[in-house]
K.L.:
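Take a look at this one; I'll ask things after.
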Amino acid sequence: MTVRPLFDANATAGGRDLGDLPEWDLTDLYPAPDAPELKRDLDWLEDACKRFAEDYEGKIADLDADAFLEMVHRHERIEAVAGRIMSYAGLRYYQNTTDPARTKMLSDMQEKITAYTTPLVFFSLELNRVPDDTYTALFEANDELARYKPAFDRVRAMKPYQLSDEMEKFLHDMGVVGDAWERLFDETIAGLEFEVDGEVMGIEATLNLLSEQDRAKREAAARALGSVFTNNIRAFSRVHNTQTKEKEVMDRWRGMPTPQTGRHLANDVEPEVVEALRDAVVEAYPRLSHRYYALKAKWMGLDRMEVWDRNAPLPMSSDRTVDWDEARETVMNAYSEFDPKMAEIAQPFFDKGWIDAAVKPGKAPGAFAHPTVTDAHPYVMLNYLGKPRDVMTLAHELGHGVHQVLAAGQGEMLASTPLTLAETASVFGEMLTFQRMLANAKDDAEKKVLLAGKVEDMINTVVRQIAFYDFECKLHEARKGGELTPDDINALWMSVQAESLGPVFDFMEGYETFWAYIPHFVHTPFYVYAYAFGDGLVNALYAEYRERPEGFQEKYFEMLRAGGSKHHKDLLAPFGLDATDPTFWHKGLSMIEGFIDELEAMED
């Protein structure tokens with residue numbers, strides 16, 4: 001059955017006819033916001049958390065392996081029910097962030113679940129007090145329990161930064177306050193209005209105009225963005241100051257050596273690996289972004305580029321609209337060509353209401369794939385406007401979805417992949433789609449447009465995200481010295497922009513505020529390097545696939561099935577790759593360089 005949209009999406013698609021765009025069917029989670037099943041699960045969760053604490057608090061160190069395994073299963077069940085409730089409330093909210101009823105539901109659910117799960121705070125605290133030899137013996141005594149060891153090893157990694165039980169419970173309860181700042185950010189962004197050439201639009205549609213063919217339209221959109229961000233800069237500055245200070249206080253109390261430490265631990269990645277990636281990318285700026293944008297300026301007949309030219313379509317590219325059916329067919333054919341199994345896993349996303357594609361008033365901007373819980377299925381959100389880049393976004397998010405479906409077999413505790421590896425299947429899905437489109441290019445002009453588009457996407461994923469990472473590092477460092485004014489934050493932003501984009505760019509007045517709309521800085525500090533990590537890793541993987549295709553598919557699916565059950569070193573070993581090797585990142589970056597070489601050769 002094809003899921004028909006309830007909303008005329010084409011009304012917000014600038015008059016383009018994109019076909020029937022699918023909308024989420026959230027009934028797989030709960031039939032309705034007032035469904036008795038939701039109340040039943042909330043009641044069960046409250047009781048289950050109480051009983052869990054009664055049965056295990058103060059007793060973890062004395063459990064044998066079988067009793068410990070039973071405790072793990074009970075904890076997983078609690079995670080699954082809480083995760084289902086929050087997924088439902090969250091996804092409904094993202095469909096319309098300006099609807100007060102949806103906002104209230106999300107807030108109420110967050111508060112309830114925080115209250116219900118507070119008795120569980122002891123779990124990781126006590127676990128980290130179990131002596132090392134007892135801990136090792138437990139996992140050696142039971143094979144099924146041994147499967148969970150990687151998840152508990154990650155919990156144990158937090159051991160040096162753990163506070164007293166009372167303090168941890170207090171911080172757990174205070175979590176909803178930090179969430180409120182995140183929601184303030186989301187709601188402010190979703191509610192912003194931008195006037196471009198007499199038309200009022202939301203942020204997603206306005207950002208989308210930065211890749212319009214018409215240069216005057218791009219400039220008008222960029223200036224509208226700069227103007228509105230500037231008018232709201234005090235609110236954004238307050239959110240960033242508060243969130244950064246909150247993190248600094250938490251890190252100081254926990255004794256974390258750097259603001260990045262918590263993210264590295266969560267990502268199960270060594271700081272020196274991230275620094276090697278960062279240094280390799282920064283060192284390659286002149287060979288990547290600086291060289292490419294100089295080439296692009298030449299194609300566009302410009303001596304100097306402005307920020308509204310960064311994502312402009314090339315003069316030789318067509319302004320054609322890709323309707324939904326064509327986008328789906330392109331991605332599914334690319335997936336199927338790699339392995340029919342991959343297309344098979346992706347099919348239900350289109351058929352069963354697992355994708356919400358249309359741009360709608362109040363809908364959250366951007367795109368994501370949300371895994372929900374392992375006994376349900378992922379949901380993909382897009383803001384599809386029919387641009388070739390939107391096809392790549394579909395390929396990307398669908399890659400996440402496939403990864404999440406495959407990893408679900410690991411169960412709640414092990415399915416979730418560290419952010420550094422979470423981008424693997426998404427970026428690989430994009431690469432497959434790109435290579436298929438490249439192979440089917442009708443002539444050199446089309447090939448050039450595709451190659452340039454891919455290079456721009458890679459620069460946005462690698463160069464831009466590492467520049468974002470450097471901005472965050474500077475922001476958190478500067479905040480230690482006291483409150484930052486909007487001008488202080490603007491200056492930090494500009495310090496990384498010129499360096500990463502290169503000497504061909506001029507920066508309009510107002511561009512210094514463009515840090516304000518990046519959600520990762522607020523929701524998940526230091527998330528951004530994971531994109532560059534994922535891109536570099538996939539480029540190295542794809543090179544391996546081209547050189548040694550025999551048996552690659554099965555190894556690839558095995559890697560995705562592993563979810564978060566293995567360290568990146570173990571996941572990459574079957575492919576003969578190692579991210580801790582400093583030369584590893586150069587392999588990924590050389591693929592981007594190779595594409596730019598091809599583009600330069602086409603000039604001759």
K.L.:
Is there a side-chain contact (heavy atoms from CB on, under 4.5 Å) between Met109 and Leu42 once you walk through the steps?
P.N.:
CA-CA 9 Å; Met109 293 301 132; Leu42 281 165; 4.0 Å; yes
K.L.:
Measure across Glu423 and Gly534 and return the closest heavy-atom pair with its distance rounded to 0.1 Å.
P.N.:
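So the minimum-distance heavy-atom pair works out to CB-CA, 4.0 Å.
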K.L.:
Mind checking whether Met332 and Phe350 have side chains closer than 4.5 Å, heavy atoms only?
P.N.:
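SC-SC contact between Met332 and Phe350 confirmed.
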K.L.:
List the atom of Pro315, the atom of Gln213, and the distance in Å for their closest heavy-atom pair.
P.N.:
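Nearest pair, atom of Pro315 first, then Gln213: CA-OE1, 4.4 Å.
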K.L.:
Mind checking salt bridge (Lys or Arg N to Asp or Glu O under 4.0 Å) for Glu219 and listing every partner two or more places apart, or none if nothing turns up?
P.N.:
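Salt bridge (Lys or Arg N to Asp or Glu O under 4.0 Å) list for Glu219, sorted by chain: Arg223.
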K.L.:
By salt bridge (Lys or Arg N to Asp or Glu O under 4.0 Å), which residues pair with Asp390, not counting sequence neighbours?
P.N.:
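Partners of Asp390 under the salt bridge (Lys or Arg N to Asp or Glu O under 4.0 Å) test: none.
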K.L.:
Is any side-chain N of the basic residue among Glu544 and Lys555 closer than 4.0 Å to the acidic one's carboxylate O?
P.N.:
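Looking at Lys555 together with Glu544, the answer is no, because their closest N to O distance does not fall below 4.0 Å.
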K.L.:
Between Pro22 and Ile355, is any pair of side-chain heavy atoms under 4.5 Å apart?
P.N.:
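A side-chain contact exists here, since the closest heavy-atom pair is under 4.5 Å.
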K.L.:
For Arg218 and Leu210, work out which heavy atoms get closest and say how close.
P.N.:
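Nearest heavy atoms, Arg218 then Leu210: CD-O, 3.2 Å.
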K.L.:
Kindly say whether Ala395 contributes a backbone atom to a donor-acceptor pair with the side chain of Tyr335 at under 3.5 angstrom?
P.N.:
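Pair found, side chain donor or acceptor close to backbone of Ala395.
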K.L.:
Considering only heavy atoms from C-beta outward, does the side chain of Phe552 approach that of Phe575 to under 4.5 Å?
P.N.:
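They are in contact (side-chain heavy atoms under 4.5 Å apart), so the answer is yes.
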K.L.:
Sub-3.5 Å donor-acceptor pair from the side chain of His400 to the main-chain atoms of Ala422, do we have one?
P.N.:
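Between the backbone of Ala422 and the side chain of His400 there is a qualifying donor-acceptor contact (under 3.5 Å).
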K.L.:
If I compare all heavy atoms of Leu421 with all of His403, which pair ends up nearest, and what's the gap?
P.N.:
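Shortest heavy-atom contact: O-CE1, 3.7 Å.
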K.L.:
Mind checking whether Asp535 and Met458 have side chains closer than 4.5 Å, heavy atoms only?
P.N.:
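Asp535 vs Met458: side chains touch.
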K.L.:
Using 4.0 Å as the upper bound for N to carboxylate O, is an ion pair formed by Glu600 and Arg291?
P.N.:
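A salt bridge is present here (some side-chain N lies under 4.0 Å from a carboxylate O).
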K.L.:
List the atom pairs, donor and acceptor, that lie under 3.5 Å between side-chain atoms in residues 446-453 and the rest of the protein, sequence neighbours left out.
P.N.:
{"from": "Glu446", "atom 1": "OE1", "to": "Lys442", "atom 2": "N", "distance (Å)": "3.1"}
{"from": "Glu446", "atom 1": "OE1", "to": "Lys442", "atom 2": "NZ", "distance (Å)": "3.0"}
{"from": "Lys448", "atom 1": "NZ", "to": "Glu603", "atom 2": "OE2", "distance (Å)": "2.7"}

K.L.:
For the pair Glu456 and Lys296, find out whether any cationic side-chain nitrogen is under 4.0 Å from an anionic carboxylate oxygen.
P.N.:
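Result for this pair is yes, salt bridge flagged.
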